[in-house]
Asker: 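My structure is below; once you've seen it, I'll send some questions.
Just so it is clear: chains get the letters A, B, ... in the order the sequence lines come, proteins before strands, and each one is counted from 1.
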Number of protein chains: 2
Amino acid sequence: MAGHVTYREVKATILDRIKGGAWPPGALLPSEVELAAEFGTARATVSRAMRDLVEDGLVERKRKAGTRVRKMPLRQARLDIPLVRVEVEDQGAVYRYALVASHVGAAPDWLRARMGLPGGGEVRHILCMHFADGQPYQFEDRWISLDSAPDARAADFTAEGPNEWLVRQVPYSNVEISFSATAADAEQAQHLGCALGDALFRVERQTSWDGRELTFVRLTYHRGYRMTARY
Amino acid sequence: MAGHVTYREVKATILDRIKGGAWPPGALLPSEVELAAEFGTARATVSRAMRDLVEDGLVERKRKAGTRVRKMPLRQARLDIPLVRVEVEDQGAVYRYALVASHVGAAPDWLRARMGLPGGGEVRHILCMHFADGQPYQFEDRWISLDSAPDARAADFTAEGPNEWLVRQVPYSNVEISFSATAADAEQAQHLGCALGDALFRVERQTSWDGRELTFVRLTYHRGYRMTARY
DNA sequence: CAGTGGTCTAGACCACAGA
DNA sequence: CTGTGGTCTAGACCACTGA
């Protein structure tokens, strides 16, 4: 025996047939049983390959209906969301963090509405900067609900950013993230070293844990920042 | 017998233990064999659950070293990249497309460098607009290599956008995508109905197929556009 | 070397949805 | 009803890598 046929080989073969046009968009593929017979593998191996192809957005599967090549390939980009520090260090630059301001108070109305906080909820508001090789990299404007994370009231954010602190506190969370463009206001322009009104890339992220809203953060990047992915 | 224990149940149980702090970040989990014994399942079932957890970025696995809870949860957002038409229609709005300009010519130097095209390569350059309920939604500035896609020379883009045409031609492709913010230039401001210099969200996408560079597109969105994902 | 995850097999039963 | 994918089992061998 020359060894088993792997699911990777099966996947590659199927992929080649789709790429090559042998199975055009919309086409019905043979059943798992038929493919297993053709490739000389167990059905589970074909199934494993197919699961990958579904995940890659290339085929659709329905019970009884079978497997079809997607007409409009539903492609999805996977964006890694690292800590700023890791992102900077991965570029080979020296990372530096600086706390700008921090205070505790009642949540403003817009934040209560946005995060769905109860009335009278207290929050800790933190402004801080992240630098790469001494250049402004990211301006962070964060609100942490003290109802959900009471330990944040006394946490020390002078040496370490709130993100790194939070990651240690909460091992798992649900996140809604959004990307947009914004014109630099006076505060952002000052900290990021750009002109008022410059177009800046902005990420807003709201994190909940165990069904409770935990933190809302607005990250504004230096002029010219790009976020890149492949798929 | 009350039936089998499913891999989803195994996954949920492990997830609960991680969330609950029973297995804190960095902790070593029991081996698959031990977990299979505990849950009363086959090892393959535990393995299936673990594969999901790896994909979700919650644990790391190494042969011989075992499975550990990730210290810094490497979270990744999955961004769906639909056709503009689908994106607009999914919002319940009426989609409209309009061709602005199109011509064939030699690729400019910056594009040749960016796409890695050979000297003397011809490209088709297309400018077009996408509307939602009559409002400007996206301005598309696309270049298609005629070396890679000769059929694009004669294709008719008056009724249908080049993206939909390309998707039909090429069932599979490799994509590099990047997101950034840009200040509206005169042309963008005119077509998107905003002021000169307004901060706009921009997507740049370069697509290759079968190892050849196929198309480069710059998509500029209307003022206030957000791209959102959950993870 | 030995323990861990990675994969394949052959078989089985089930859930769903098309005909 | 019947064919399809979805999953689980019990067992086996392999590949990598830490001790």
Side-chain angles (χ1 to χ4, degrees), chain A residues 1-18 22-71 73-74, chain B residues 1-18 22-71 73-74:
Chain A
M1 292 294 253
H4 298 298
V5 175
T6 69
Y7 81 90
R8 293 169 193 278
E9 293 170 314
V10 173
K11 179 184 174 184
T13 303
I14 296 173
L15 200 55
D16 284 344
R17 290 186 190 171
I18 294 176
W23 291 326
L28 179 67
L29 271 60
S31 74
E32 289 191 353
V33 179
E34 291 171 304
L35 288 171
E38 179 194 338
F39 294 123
T41 72
R43 183 165 79 95
T45 304
V46 176
S47 187
R48 178 80 167 78
M50 285 295 193
R51 204 182 319 129
D52 263 29
L53 290 168
V54 170
E55 199 168 76
D56 293 349
L58 284 164
V59 302
E60 276 176 320
R61 318 193 77 191
K62 266 187 273 183
R63 283 170 163 134
K64 173 70 181 180
T67 304
R68 289 180 181 279
V69 181
R70 289 194 70 107
K71 291 219 167 194
L74 168 58
Chain B
M1 292 294 252
H4 299 298
V5 175
T6 69
Y7 81 91
R8 292 167 193 277
E9 292 171 315
V10 174
K11 179 184 174 184
T13 304
I14 296 173
L15 199 56
D16 284 345
R17 290 186 189 170
I18 294 176
W23 290 327
L28 180 65
L29 271 59
S31 75
E32 289 191 352
V33 179
E34 292 171 302
L35 288 171
E38 178 194 340
F39 294 122
T41 71
R43 182 164 79 93
T45 303
V46 176
S47 188
R48 179 79 168 79
M50 285 296 192
R51 202 181 321 129
D52 263 30
L53 290 168
V54 170
E55 199 169 78
D56 293 350
L58 284 163
V59 302
E60 276 175 321
R61 318 192 76 191
K62 266 187 274 185
R63 284 170 163 132
K64 171 71 181 182
T67 303
R68 289 181 181 278
V69 181
R70 288 194 73 106
K71 293 219 169 189
L74 168 57

Asker: With A:V69, which of A:L29, A:L28, A:L53, A:L58 fulfils side chain to side chain contact (heavy atoms under 4.5 Å, CB included)?
Answerer: A:L29
Asker: Could you measure the distance from the OG1 atom of A:T13 to the CD1 atom of A:I18? Nearest 0.5 Å is fine.
Answerer: 11.0 Å
Asker: Round to a whole Å and report the spacing from CG of B:L28 to C1' of D:dG18.
Answerer: 12 Å
Asker: Taking side chain to side chain donor-acceptor pair (under 3.5 Å) as the test, write out the residues that go with B:D52, two or more places apart.
Answerer: B:K11, B:R48
Asker: Round to a whole Å and report the spacing from CD of A:E60 to C1' of C:dA17.
Answerer: 15 Å
Asker: If you take all heavy atoms of B:V46 and B:T41, which pair is closest and at what distance?
Answerer: CG2-OG1, 3.6 Å
Asker: What does the list of N/O pairs under 3.5 Å between the protein and nucleotides 7-11 of chain D look like, with a distance for each?
Answerer:
unit_1 : atom_1 : unit_2 : atom_2 : d
D:dT7  : OP1    : B:R8   : NH2    : 3.0
D:dT7  : O4     : A:R43  : NH2    : 3.2
D:dC8  : OP1    : B:Y7   : N      : 2.5
D:dT9  : OP2    : B:A42  : N      : 2.8
D:dT9  : OP2    : B:T45  : OG1    : 2.4

Asker: Output yes when a side-chain donor or acceptor of A:R68 lies under 3.5 Å from a complementary backbone atom of A:G26, and no otherwise.
Answerer: yes
Asker: Rounded to whole Å, how long is the line connecting atom CZ of A:R61 with atom C1' of D:dT4?
Answerer: 9 Å
Asker: So, is B:T67 near the phosphate of C:dT4, with a side-chain N or O under 4.0 Å from OP1 or OP2?
Answerer: no
Asker: Would you say a side-chain N or O of A:S31 is under 4.0 Å from OP1 or OP2 of D:dG3?
Answerer: no
Asker: Using atom NZ of B:K64 as one end and atom P of C:dT4 as the other, report the distance to the nearest whole Å.
Answerer: 7 Å
Asker: Expressed in angstrom and rounded to an integer, what is the separation of A:L53 atom CG from D:dG6 atom C1'?
Answerer: 16 Å
Asker: For salt bridge (Lys or Arg N to Asp or Glu O under 4.0 Å), just list the numbers for A:R61 and A:E32, CA-CA rounded to whole Å, side-chain angles, deciding distance to a tenth of an Å, and then say yes or no.
Answerer: CA-CA 11 Å; A:R61 318 193 77 191; A:E32 289 191 353; 2.8 Å; yes
Asker: In whole angstrom, give the distance that lies between atom CD of B:E9 and atom P of D:dG6.
Answerer: 19 Å
